[in-house]
2 protein chains.
Amino acid sequence: MANIKDIAKHLGVSVSTVSRAMNNHPDVREETKQQVMEAIRLYNYRPNALAKGLIQKKTFTIGLLVPDISDPFPSSLSNAVEETLFEHGYQVVFGNGNRNSDKEKQFLLNAVERQFDGLILTPDYMDEEFSELLSNLEIPIVFLRRRPPAGLSFPFVDVDHYQAAKTAMQYLLELGHRQIGFIGMPQTSFIGNERLRGYTDVMRMHGIDPGPGHMILGGRTIDNGREAMGRLLDHNPDLTAVFAANDLLGIGALEWLAMHQIAVPDKLSVMGFDNLEYAGLYWIQLTTMEQPRREMGVRAAQMLLQMIANKEQAPESDLMEAKLVIRKTCKARLTH
Amino acid sequence: MANIKDIAKHLGVSVSTVSRAMNNHPDVREETKQQVMEAIRLYNYRPNALAKGLIQKKTFTIGLLVPDISDPFPSSLSNAVEETLFEHGYQVVFGNGNRNSDKEKQFLLNAVERQFDGLILTPDYMDEEFSELLSNLEIPIVFLRRRPPAGLSFPFVDVDHYQAAKTAMQYLLELGHRQIGFIGMPQTSFIGNERLRGYTDVMRMHGIDPGPGHMILGGRTIDNGREAMGRLLDHNPDLTAVFAANDLLGIGALEWLAMHQIAVPDKLSVMGFDNLEYAGLYWIQLTTMEQPRREMGVRAAQMLLQMIANKEQAPESDLMEAKLVIRKTCKARLTH
DNA sequence: CTGAAAGCGCTTACAG
DNA sequence: CTGAAAGCGCTTACAG
């Protein structure tokens, strides 16, 4: 590959001049600039970003750590991040957390070695070591769909899961439901707990104290949802509605109900959370809470850009609102 | 950030020694090595990858261009690529082609500027300019799920779509179907045409000449499939089976059939292609051809690794076999 | 086993 | 408007 010296030599000018011409420096004769551009084309020359980054202390590279590249949820969000950052001249490097604690740490280390300009993080494991690493990082960081570990004050963007769960529950109550079951995520999940809290609080506000018979926790997948639905109805045959903490769980519930010929929404209403692609399928038509994925991604990217531009002043975290998407799995309770 | 000089100064040794100790050079006293390691920990030092890459002409970075990060199909495959490459110490940089010709080219340019060690490409647009760029690249490249543009001999890994379509058709014929319709992709799609060719050839082999009444081409999505199914049955009410060139199309067909109370597979059999997650859903249970996504990703990564290790000898392209996944949308034709 | 020096390919004051 | 020189943070012959 040709380098800047080659093209300087070719033109009989100094490398400084070539550099300035390439970078559109004002103090360079138009004619010289033209010649340089031509030589660049001729040699098929591309400036070495490593050398450039080394000296400018700026790489135009942003790291984006996602839990799992093949997970459909984060990927649409990643797209928004990537597009926003790309428009501003940054290349985003996806890190595959791979639901693996070591890989997440490895990514952080990589980011510092490679001199990334900023980081957007959706880590799954935030142990001591991770926090420790993070606190030494000296790079602008924003958390996406996660809260920073205790003691560290990085800005984040997330949905207000608690509020959203309340909205979902409110809807179910308006439809006349009182006996509402909950299919929840593992207790180790922050967002799972927020959604659970929304469920519980609304139930209590309406004078119902949801006991263990009202809920099955601990899952995330379609299989989990299917299994939970069966158990839930076993414990509590009076349920007229079920709130699933995520769509996969909700779809699993729907499966179980379909398998057992329990009509949805005539016999039982089902509410999901996320609004995955799945939810809109003809056979599913799940009523659910939609997370503003694109907006979250764009927002996180903008926040990071702002932090890079102004390292002093940290932006405010952003808690976004989820939107109720009404489809066909919830219905007013029959009053007999 | 501390640099190598800081830690050399701290220990009163030369930077050469620090460098050697870090990189496990044999000619360095064990004691020295220990001290260096300790100082590195103390300073929280991480070597600058830019400087390292600049001098070593090796960045341990691989570019992976995908058409669309949020597309579920490539992402599971990307995971396999990433994992394989990560095990060998490489970081993969995802490029979002974004179904946009300029972004794909931009990615190529970026790759050369940033001195990537290799590239795995799934481009959607391969015009003159793209080929031109490619031919100047001097970087090991493998194509994934795409064939290199005419005149360029990069190795590729893909599924043998023609063969796979024949397998699917063979299955339908074994079930007794003769009047088989085809819902196909745009004629601009290489893989779409391969699948169509498989369909047509098998039909002809069995003495049926599929006319325009047998097929609707031009779509990729669920909506397209739904619409195509209606038209197909309109033209050709005798059809007993339909082969959809991808699962989305197949699912759309299934939707239309469900909406019109046409029992699948009792009245009509439907065959898909891809085996997306969707296909296994309780309500769908689509019989389809599964592409070995993980294997393709792993294979492409291995090929690239081999090319990097040995720049002389180009590896053979790999055409993989798709596997028939029998679920519930195909059934033996009733013989009355 | 260790150090001094050159060099990777750029950018950027500084001087003219 | 242009050039010479220093320097970014490393690695690696070369010499000892």
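Bear in mind the structure is a predicted one, so any value in this text is a computation, not a measurement.
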**Student:** Do A:E30 and A:Q34 have side-chain N/O donor and acceptor atoms under 3.5 Å apart?
**Tutor:** yes
**Student:** Does the side chain of A:N3 get closer than 4.0 angstrom to OP1 or OP2 of C:dG9 through an N or O atom?
**Tutor:** yes
**Student:** Verify whether one side chain among B:N96 and A:E83 offers a donor that lies under 3.5 Å from an acceptor in the other.
**Tutor:** no
**Student:** Verify the distance criterion only: is there a donor paired with an acceptor across the side chains of B:R299 and B:T84 at less than 3.5 Å?
**Tutor:** no
**Student:** Which is more 5' along DNA chain D, the nucleotide nearest A:E30 or the one nearest A:V15? Just name the residue.
**Tutor:**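 Closest to the 5' end, via its nearest nucleotide, is A:E30.
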**Student:** Looking only at side-chain N and O atoms, does A:S14 come under 4.0 Å of OP1 or OP2 in D:dA4?
**Tutor:** no
**Student:** Consider the side chain of A:P47, meaning its heavy atoms from C-beta on, and name the nucleotide among D:dT2, D:dC8, C:dC10 that approaches it most closely.
**Tutor:**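 Looking only at side-chain atoms, A:P47 lies closest to C:dC10.
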**Student:** Return no unless some side-chain N or O of B:Q115 is found under 4.0 Å from OP1 or OP2 of C:dG9.
**Tutor:** no
**Student:** Assess the residue pair B:R114 and A:T61 against the criterion (side chain to side chain contact (heavy atoms under 4.5 Å, CB included)); give the C-alpha distance rounded to whole Å, side-chain angles, the decisive distance to 0.1 Å, and a yes or no.
**Tutor:** CA-CA 10 Å; B:R114 290 162 185 261; A:T61 310; 2.6 Å; yes
**Student:** For B:L54 and for B:G12, find the nucleotide of DNA chain C with the closest heavy atom, then tell me which residue's nucleotide is more 5'.
**Tutor:** B:G12
**Student:** OP1 or OP2 of D:dT11 versus the side-chain N and O atoms of B:N23: is any pair under 4.0 Å?
**Tutor:**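 Yes, such a contact exists.
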**Student:** Working to the nearest 0.5 Å, report the span between CG of A:L144 and CG of A:L64.
**Tutor:** 7.5 Å
**Student:** Go through C:dC10, C:dG9, D:dT12 for me and flag the one nearest to the B:S19 side chain.
**Tutor:**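 Given the options C:dC10, C:dG9, D:dT12, the side chain of B:S19 is closest to D:dT12.
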**Student:** Quick one: A:L50 CG to C:dG9 P, roughly how many Å, whole number?
**Tutor:** 10 Å
**Student:** Please say whether the positively charged group of A:K105, taken as NZ for Lys or CZ for Arg, lies over the ring of A:F130, i.e. under 6.0 angstrom from the six-membered ring centre and within 45 degrees of the axis.
**Tutor:** no
**Student:** Dot-bracket for DNA chain D, please, read 5' to 3', with Watson-Crick or G-U wobble pairs under 3.5 Å on both distances, ( ) within the strand, [ ] crossing, | other strand, . unpaired.
**Tutor:** |||.||||||||.|||
**Student:** From NZ of A:K5 over to P of D:dG3, roughly how many Å is that when rounded to an integer?
**Tutor:** 15 Å
**Student:** Check every strand shown and say whether A:D27 touches a base, only sugar-phosphate, or nothing at a heavy-atom separation below 4.0 Å.
**Tutor:** base
**Student:** Specify the separation, in whole Å, of atom CD1 of A:I55 and atom P of D:dA5.
**Tutor:** 16 Å
**Student:** If you look at every strand shown and take non-hydrogen atoms under 4.0 Å, does A:M22 touch a base, only sugar-phosphate, or nothing?
**Tutor:**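 Counting heavy atoms under 4.0 Å across all strands, the contact made by A:M22 is with sugar-phosphate only.
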**Student:** Any chance the side chains of B:S19 and B:S16 put a donor and an acceptor closer than 3.5 Å?
**Tutor:**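 No.
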**Student:** Do the side-chain N or O atoms of A:K57 get closer than 4.0 angstrom to the phosphate oxygens (OP1, OP2) of D:dG9?
**Tutor:** yes
**Student:** Taking CD1 from B:I4 and P from D:dT12, how many angstroms apart are they, rounded to a whole number?
**Tutor:**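 Between P of D:dT12 and CD1 of B:I4: 11 Å.
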**Student:** Between A:R29 and D:dT2, does any side-chain N or O lie under 4.0 Å from OP1 or OP2?
**Tutor:** yes
**Student:** Do A:R20 and D:dG3 have a side chain to base donor-acceptor pair shorter than 3.5 Å?
**Tutor:**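 Yes.
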**Student:** Does a nitrogen or oxygen in the side chain of A:S16 sit under 4.0 Å from OP1 or OP2 of D:dA4?
**Tutor:** no
**Student:** Quick one: A:N48 CG to D:dG9 C1', roughly how many Å, whole number?
**Tutor:**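 One finds 14 Å between C1' of D:dG9 and CG of A:N48, rounded.
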**Student:** Please state whether the rings of A:Y90 and A:F60 are parallel, tilted or perpendicular, taking 30° and 60° as the class boundaries.
**Tutor:**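 Answer is tilted, since the angle falls between 30° and 60°.
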**Student:** Using whole Å, what does the distance between atom P of nucleotide D:dG9 and atom CD of A:Q56 come to?
**Tutor:**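 About 14 Å, once rounded to whole Å.
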**Student:** Specify the separation, in whole Å, of atom NE2 of A:H25 and atom P of C:dT12.
**Tutor:**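 Between P of C:dT12 and NE2 of A:H25: 9 Å.
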**Student:** Measuring to OP1 and OP2 of C:dG3, would you say a side-chain N or O of B:T17 lies under 4.0 angstrom away?
**Tutor:**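 Checking B:T17 against C:dG3: at least one side-chain N or O falls below 4.0 Å of OP1 or OP2.
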**Student:** Rounding to an integer number of Å, can you tell me how far A:R114 CZ sits from D:dC10 P?
**Tutor:**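 Taking atom P of D:dC10 as the reference, CZ of A:R114 is at 15 Å.
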